[in-house]
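Just so you know, these numbers use all the heavy atoms, side chains as well, and skip hydrogens, waters and symmetry mates. Just so it is clear: chains get the letters A, B, ... in the order the sequence lines come, proteins before strands, and each one is counted from 1.
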Amino acid sequence: MTTLDRAINQDKLHHSSHVIAQEHEHDEAGNSMFGFVIFLLSESVIFLSFFAGYIVYKTTTSDWLPSGVEGLEVREPAINTVILVSSSFVIYIAERYLHDKNLWGFRFFWLLTMAMGSYFLYGQAVEWQSLKFGFSSGVFGGTFYLLTGFHGLHVFTGVLLQGIMLIRSFLPNNYEKGQFGVEATSLFWHFVDVIWIILFVLIYVWQ
Amino acid sequence: MTQITSEALSHEAHTSEIPLSWRRYFSFSTDHKVIGIQYIVTAFFFFLVAGIFAMIMRGELITPETDLIDRTVYNALFTMHGTIMLFGWMFPVLAGFANYLVPLMIGARDMAFPRLNAVAFWLVPVFGSLFILSFLVPGGPAQAGWWSYPPVSAQNPSGQWLNGEFIWLLAVVISGVSSIMGAVNIVTTIVRMRCPGMGWFKMPVFVWTVLAAQIIQLFGLPALTAGSVMLLCDLSFGTTFFDPAQGGDPVLFQHFFWFYSHPAVYVMILPVFGIFSEVFPVYARKPLFGYKVVAISSLIITGLSAVVWVHHMFASGTPGWMRMLFMFSTMLISVPTGIKVFAWVGTIWGGKLRLDTAMLFALGGLINFVFAGITGIMLSSVPIDIHVNNTYFVVGHFHYVIYGAIVFGLYAGIYHWFPKMTGKMYYEGLGKLHFWLTFLGTALNFLPMHPLGLMGMPRRVASYDPEFAFWNVLASIGAFVLGMSTLPFLVNVFAAWIAGKQAPDNPWRAIGLEWLVSSPPDVENFEEIPIIVSEPYGYGKSEPLTENMGG
């Protein structure tokens, strides 16, 4: 290779990798999504710890149920479960509408997701009201309220995030820099959903 | 330095920056280099505070009787010594090194999430102050040891809602939030922000070890958070998770605690392995021996760290099969760490050694680490562990790890990168004095703890049998030497920072991206994003590191 060739080649390589470097740096939405996913993975370990604790208590405690408590009513929480799990599909539809740039379709299904999430929280509040045991009723009461409460806090956060995303959808040029907010909220919602399924099986099905 | 590229001007996050004034260190800066130094300096403050606690304790222990301070105060001091050393000094100082060095080493202009980075840092003074302020609440600060085991930690002797243990748990949770923010940021930066040509096996080992350490934060820390939240509920909201009288299980807390807090040791020492791997090649003028193996062994340590925690609980009623299993997994850890030790020895073997302060600290740290590793393997063996459980042998072992290896490595790192960070040269004579005082103090302080532990002296006591007096006096003298050793260091860094000689870009003739930019680097680090063409540590080879910046 002559010196000139080399120089040209170098220049080409230089140029192309410079472009790569630029893209590399400015893929901020990609960074945010990556960061959010590893955050959720980390967050899931808190739930796993609580679940592990629950299993240990459930299998080793001699007087598991507090006196006067027969067990948990499954019917209402099962309806709640169906609603929360379905909302994961609804939020997916909302995302598809946004993808097709149909903003009103997005807003409708997004609001529907929020309504379903809110109903879930309402249903849980009603259930808590009717229970005969409290947070300090032994490890049974403690783990029950800790798990459902910590999960409920996540549902609440999810609905709050959805509200922010809904308001932001009315801002002009909101989606110019991509849809990270909507995608992350939706991912968070699926996460909260999966956690609930495990939680429902552990607490309500396995009695 | 005054050159500001048009790109820098358009970069919104940096326009509000006050360029190169000391004031920026007190501002909500989003520059990773400013945040890195903020972390390191703040952490060093907490290091001194917790060090003073240790010196008061050693003052108490210089005689067998309880004559200097009240036993309750002693309990508070050892609790806060351990807590502040770990949460206030270790994790923040390492976050500082990672912040400062990782973007420079991978050829990025900043971290992936600059604002998150600043928030994570500013939580450090918040939870650090909470720890210190807890001395003012009725009943004093937490007194249950840094591990905060129930039932001791769930007692709340003052009966107040706002008690020392409550503040302790709150501060630990805030520290966890800060660390998770940092971990998400650092891992994203390393995975996604590397410059062109910087493949996995072109990354400096420091970056590898930081990645390995931060992955541990991500999977380990949430377990401690879970345990802390449950303990907080027991303490303040009447639950009985850890109260055996009401169906609870105190050993479960130990599982939560150690599932994080053993791997936490690797969070601390892995980046120090990285510092060793950066320092030895420079001062031995040889490539790092077995670069790829050293890099991969960091991830092996990460993997193994998740399955060793029960070795802290051999005396907690752990069943025999579990003891065997965890004894075996713990011993396995010595394989990847041994690989690293051999690699460092291989690096300096036959090298042209230059014994500057950074190299002295790295060599001293390596020697201490080998000793600490040997007592570590002793402790992993169930019969020995049960014999010396809760004695000074354990205290001696982990202080050799944490002070002897980690703090030495951190000092090596501070001296090595000081010219880069500040643009000034430190004073070599003061540096060497600092090293010898630290080395002597470490041996005098922590070696006597081993015979003490084997003789049966328990840890966390303010008074002891007179037969233990000799070794305790030695240890106390060592503690005061260590306390004094920070003085030449402080004089050195302050004097050099203010009035030191200007540092060249590459005072050690080191190979690495951070040494190709000015000292200190510009706000945006690189005028042009580098393109990497060769492996790191190319000492004795003539190939350039980058295509466009030389090296």
Original post:
Under a 4.5 Å heavy-atom cutoff, which of A:Phe39, A:Phe50, A:Phe36 has the most pairs with chain B?
Top reply: A:Phe50
Subject >> Winner by heavy-atom pair count (cut-off under 4.5 Å) against chain B, out of A:Thr60, A:Ile38, A:Leu48, A:Thr61 >> reply: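 Looking at each of A:Thr60, A:Ile38, A:Leu48, A:Thr61 in turn, A:Ile38 comes out on top.
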**OP:** Taking A:Tyr57 for its side chain and B:Gly247 for its backbone only, find out whether a donor-acceptor pair lies under 3.5 Å.
**Re:** no
So for [X], is it side chain, backbone, both, or neither that comes closer than 4.5 Å to the heavy atoms of chain B?
X	answer
A:Ser32	both
A:Thr143	both
A:Val56	side chain

Subject >> Per-residue contact mode, B:Met230 against chain A (heavy atom under 4.5 angstrom) >> reply: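 For B:Met230, the side chain is the part near chain A, not the backbone.
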**OP:** Select one option (side chain, backbone, both, neither) describing which atoms of B:Phe113 are under 4.5 Å from chain A's heavy atoms.
**Re:** side chain
Taking all atoms of both residues into account, what is the closest heavy-atom pair of [X] and [Y], and its distance?
X	Y	value
A:Ser49	B:Ala223	OG-CA, 3.5 Å
B:Cys233	A:Leu146	SG-CD1, 4.4 Å
B:Pro222	A:Ile46	CB-CG1, 3.4 Å

**OP:** Give, for atom CG of A:Asp27 and atom CE of B:Met193, the distance between the pair rounded to the nearest 0.5 Å.
**Re:** 10.0 Å
**OP:** Calculate, to the nearest 0.5 Å, the distance between atoms OG and CD1 belonging to A:Ser42 and B:Ile215 respectively.
**Re:**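 Those atoms lie 12.0 Å apart.
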Subject >> Residue pair A:Phe34, B:Val187: steps toward the side-chain contact (heavy atoms from CB on, under 4.5 Å) verdict >> reply: CA-CA 9 Å; A:Phe34 183 88; B:Val187 171; 4.2 Å; yes
Original post:
Would you call the rings of B:Phe241 and A:Phe135 parallel, tilted or perpendicular if under 30° counts as parallel and over 60° as perpendicular?
Top reply: perpendicular
**OP:** Report the option among B:Leu224, B:Val184, B:Ile180 that has the most heavy-atom pairs separated by less than 4.5 Å from atoms of chain A.
**Re:**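 Going by pairs under 4.5 Å, I would pick B:Val184.
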**OP:** Take A:Val45 and B:Thr225, measure what side-chain contact (heavy atoms from CB on, under 4.5 Å) needs, and give me the verdict at the end.
**Re:** CA-CA 10 Å; A:Val45 178; B:Thr225 308; over 6 Å; no
Neighbour count above 12 (heavy atom, 6.0 Å) for [X] [atom1]:
X	atom1	answer
B:Trp321	CH2	no
A:Tyr97	OH	no
A:Tyr119	OH	no

**OP:** Taking the side chain as every heavy atom from C-beta outward, state whether B:Asp249 and A:Val139 have any pair of such atoms under 4.5 Å apart.
**Re:** no
